[in-house]
Amino acid sequence: MENKILTIAIIGMGARGGYAYGTYLVDNPNKFKIVAICDPDEYRLNKWGDYMSVPKEKRFLSEDEFFKEKRADVLFVTTLDRLHVRMANKGLDLGYNLLVEKPISDSKEELKSLSEHAKKAQKTVMVCHVLRYTVWIKKCKEIIDSGAIGQLVSIDHTENVVYWHEAHSFVRGNWHNREETAPMILAKCCHDLDLLQYFAHSRCKYISSMGDLRYFKKENKPEGSADRCTNCKYMDTCTYSAKRIYVDGWHRCNEVQDFPFNLITDVFPVTEEALWESIKTGRYGKCVFACDNDVVDNQTTIMTFENGITATLKMEAFVRDGGRDIRFFGTDGELELREGLNTITLKKFTGETKVWKINELTNDLHGHGGGDHEMLKQLYNVMALGDKNVETSVDDSIESHYMALAAEESRLHNGQLIEMSKFRK
Ligand SMILES: NC(=O)c1ccc[n+]([C@@H]2O[C@H](COP(=O)([O-])OP(=O)(O)OC[C@H]3O[C@@H](n4cnc5c(N)ncnc54)[C@H](O)[C@@H]3O)[C@@H](O)[C@H]2O)c1
């Protein structure tokens, strides 16, 4: 039997819509065909339009033109955070099934509006909580649910953001300023909060959070430093120098065509010249102590779930190596995920310790540890083959957004305890 080809329309041709998902769709022509794209940035629209072989008349600079009719089976909404719900709701009204990037929105009203729209339209909405689809999260879930550590009592979760990633996204980049975008606990950690509720099999009952912007402030600007790294006498020595992060970093990473290098330039494939040009003229070359950033660089959140399980979540900028570290404490043993060290360790209180190497569980760790691609495989199963198992539904996702927004409200009130049943209303 011939494969069904799922037709895809994408709005937002940046790092996610273009590179992370678009390239996978192009690489799997027996399952997907990209038939229409939209982005007001003409260069990006045509760069990706050419790469994806989208006819010129199906490349839209205008959102209004794009939404004049339904153009595909599925719409990918991969614009920046505050545009998602407006576009998703328009898509639902036209009868699309949807893939929506996270965070869905930082407004409770918008979250509710998407949930209601999806129910009314009776369409499938998948949210890009890509980590749920990784082999390492699936393995941990399988071990916990098998009862191997007994009854789960608590979870200790650290999201190692990494010093350069903090500077890239939350000081210089898209998520640097609270007026313009979602708070960092939502932008960066709605995945983590989603995982905590997923592992706990329960909704959050109480949450409290503390944290601040400690370091990336004007008062920490080194004596005699310039506002742009390429003019600065510390260009070769500052930890956060754009030249060290993007130019030296690119060479150190074997000149990959990947995040964060492909995000600071539209030149494709990335070249050293393009990286220099970007840091000489663009936002990613600004001194980290001279940006108009105000989001946190450290935040600690504690929570309890309705079934009694407790958890902590630390979001840390000041670490060298990335990945999640998650420890699960059960009545019969411990389970430890060290993503950066490539291990999952099961320590039963009686019996042998067992270690799995993450890279031996899969041969695709590309893009969020393989999660981006696994999610698209699942999307195909759901939207082309009728599989009912939507791992990352809009309502599950919204619950993680409520946790993040409540954590932020708590942080702004010195850690005040928030009761989730009241917050959700
Ligand atoms: N799932 C994940 O793990 C993950 C990881 C990174 C980013 N994200 C999310 O993905 C989304 C996109 O992030 P990105 O890094 O690709 O951003 P980006 O800035 O690279 O891309 C956004 C694109 O949207 C375009 N755009 C702006 N207004 C538009 C409009 N009216 N119509 C059509 N296009 C418009 C911009 O021109 C840009 O090309 C964000 O919400 C982000 O939080 C999710």
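Read the numbers this way: they start at 1 and go in the same order the structure lists the ligands and their atoms. These numbers come from the heavy atoms of this one structure, side chains and all, not from hydrogens, waters or symmetry mates.
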Task: Donor on one side chain, acceptor on other, Lys90 and His117, under 3.5 Å - done: no
Task: Location of contacts on Asn174 toward ligand 1, heavy atoms closer than 4.0 Å - done: side chain
TODO: Examine the side chains of Asn97 and Asp73 and answer whether a donor and an acceptor come within less than 3.5 Å of each other.
DONE: no
Open item on the list: Looking only at distances, can you tell me whether any N or O atom of Cys128, backbone or side chain, sits closer than 3.5 Å to an N or O atom of ligand 1?
Closed with: yes
TODO: Mark the output for Pro103 as yes if a heavy-atom distance to ligand 1 is under 4.0 Å, and as no if none is.
DONE: yes
Task: Between Thr300 and Lys314: side-chain donor-acceptor atoms closer than 3.5 Å - done: yes
Open item on the list: Can you confirm, on distance only, whether ligand 1 has an N/O atom lying under 3.5 Å from any N/O atom belonging to Thr78?
Closed with: no
Validation: residues 182-193 side-chain donor-acceptor distances under 3.5 Å, sequence neighbours left out:
residue: Lys188; atom: NZ; partner: Glu159; partner atom: OE2; Å: 2.9
residue: His191; atom: ND1; partner: His129; partner atom: ND1; Å: 3.4
residue: Asp192; atom: OD1; partner: His157; partner atom: NE2; Å: 2.7
residue: Asp192; atom: OD1; partner: Arg324; partner atom: NE; Å: 2.7
residue: Asp192; atom: OD1; partner: Arg324; partner atom: NH2; Å: 3.4
residue: Asp192; atom: OD2; partner: Arg324; partner atom: NH2; Å: 3.2

Task: Tyr163 and Arg320 side chains, donor-acceptor separation under 3.5 Å - done: no
Open item on the list: On a heavy-atom basis, I'd like to know which of Lys188, Arg44, Met375, Arg86 is closest to atom 38 (C) of ligand 1.
Closed with: Arg44
Open item on the list: Can you confirm, on distance only, whether ligand 1 has an N/O atom lying under 3.5 Å from any N/O atom belonging to Asp41?
Closed with: no
TODO: Assess whether side-chain contact (heavy atoms from CB on, under 4.5 Å) is satisfied between Arg44 and Asp266, documenting all intermediate values.
DONE: CA-CA 7 Å; Arg44 281 189 187 176; Asp266 273 319; 2.9 Å; yes
Task: Options Glu101, His84, Met13, ranked by nearest heavy atom to atom 8 (N) of ligand 1, top entry - done: Glu101
Task: Test applied, ring pair (Phe, Tyr, Trp, His ring centres under 6.0 Å); reference residue, Phe268; option that passes from Tyr19, Phe261, Trp48, Tyr43 - done: Trp48
Open item on the list: List ligand 1 atoms under 4.0 Å from Asp81, heavy atoms only on the residue side.
Closed with: 40 (C), 41 (O), 42 (C), 43 (O)
- [ ] Would you confirm whether Ser397, through its side chain, and Ser393, through its main-chain N or O, come within 3.5 Å as a donor-acceptor pair?
- [x] no
- [ ] Taking only heavy atoms of Val130 into account, list the atoms of ligand 1 that are under 4.0 Å away from them.
- [x] 3 (O)
Open item on the list: Just to confirm my output: which protein heavy-atom neighbour is closest to atom 28 (N) of ligand 1, and how far is it?
Closed with: Leu83 CD1, 3.5 Å
Task: Selection from Val100, Asp39, Leu80 by shortest heavy-atom distance to atom 36 (C) of ligand 1 - done: Asp39
Open item on the list: So Val161 and Glu316, do their side chains get closer than 4.5 Å, heavy atoms only?
Closed with: no
TODO: Measure the distance from atom 9 (C) of ligand 1 to every protein heavy atom, then report the residue, atom name and distance (to 0.1 Å) of the closest one.
DONE: Lys102 O, 3.2 Å
Open item on the list: Do Thr158 and Asp325 pair up side chain to side chain, a donor and an acceptor below 3.5 Å, judged on atom types alone?
Closed with: no
- [ ] List the closest protein heavy-atom neighbour of atom 6 (C) of ligand 1: residue, atom name, distance to the nearest 0.1 Å.
- [x] Arg16 CD, 3.5 Å
TODO: Taking only heavy atoms of Ile11 into account, list the atoms of ligand 1 that are under 4.0 Å away from them.
DONE: 32 (N), 33 (C)
- [ ] Could you tell me the residue and atom name of the protein heavy atom closest to atom 20 (O) of ligand 1, and the distance to it rounded to 0.1 Å?
- [x] Ala15 N, 2.9 Å
Open item on the list: Once you restrict to heavy atoms under 4.0 Å, what part of Trp175 touches ligand 1? Side chain, backbone, both or neither.
Closed with: side chain
Open item on the list: For a 4.5 angstrom cut-off between non-hydrogen side-chain atoms, does Asn89 reach Leu114?
Closed with: yes
TODO: For Glu63, take its heavy atoms, then give the atoms of ligand 1 lying under 4.0 Å from any of them.
DONE: 31 (N)
TODO: Examine the side chains of Glu272 and Tyr246 and answer whether a donor and an acceptor come within less than 3.5 Å of each other.
DONE: no
Task: Per-atom contacts, ligand 1 versus Met87 - under 4.0 Å to a heavy atom - done: 30 (C), 31 (N), 32 (N)
Open item on the list: I need the nearest protein heavy-atom contact for atom 34 (N) of ligand 1: residue, atom name and distance, please.
Closed with: Pro40 CD, 3.2 Å
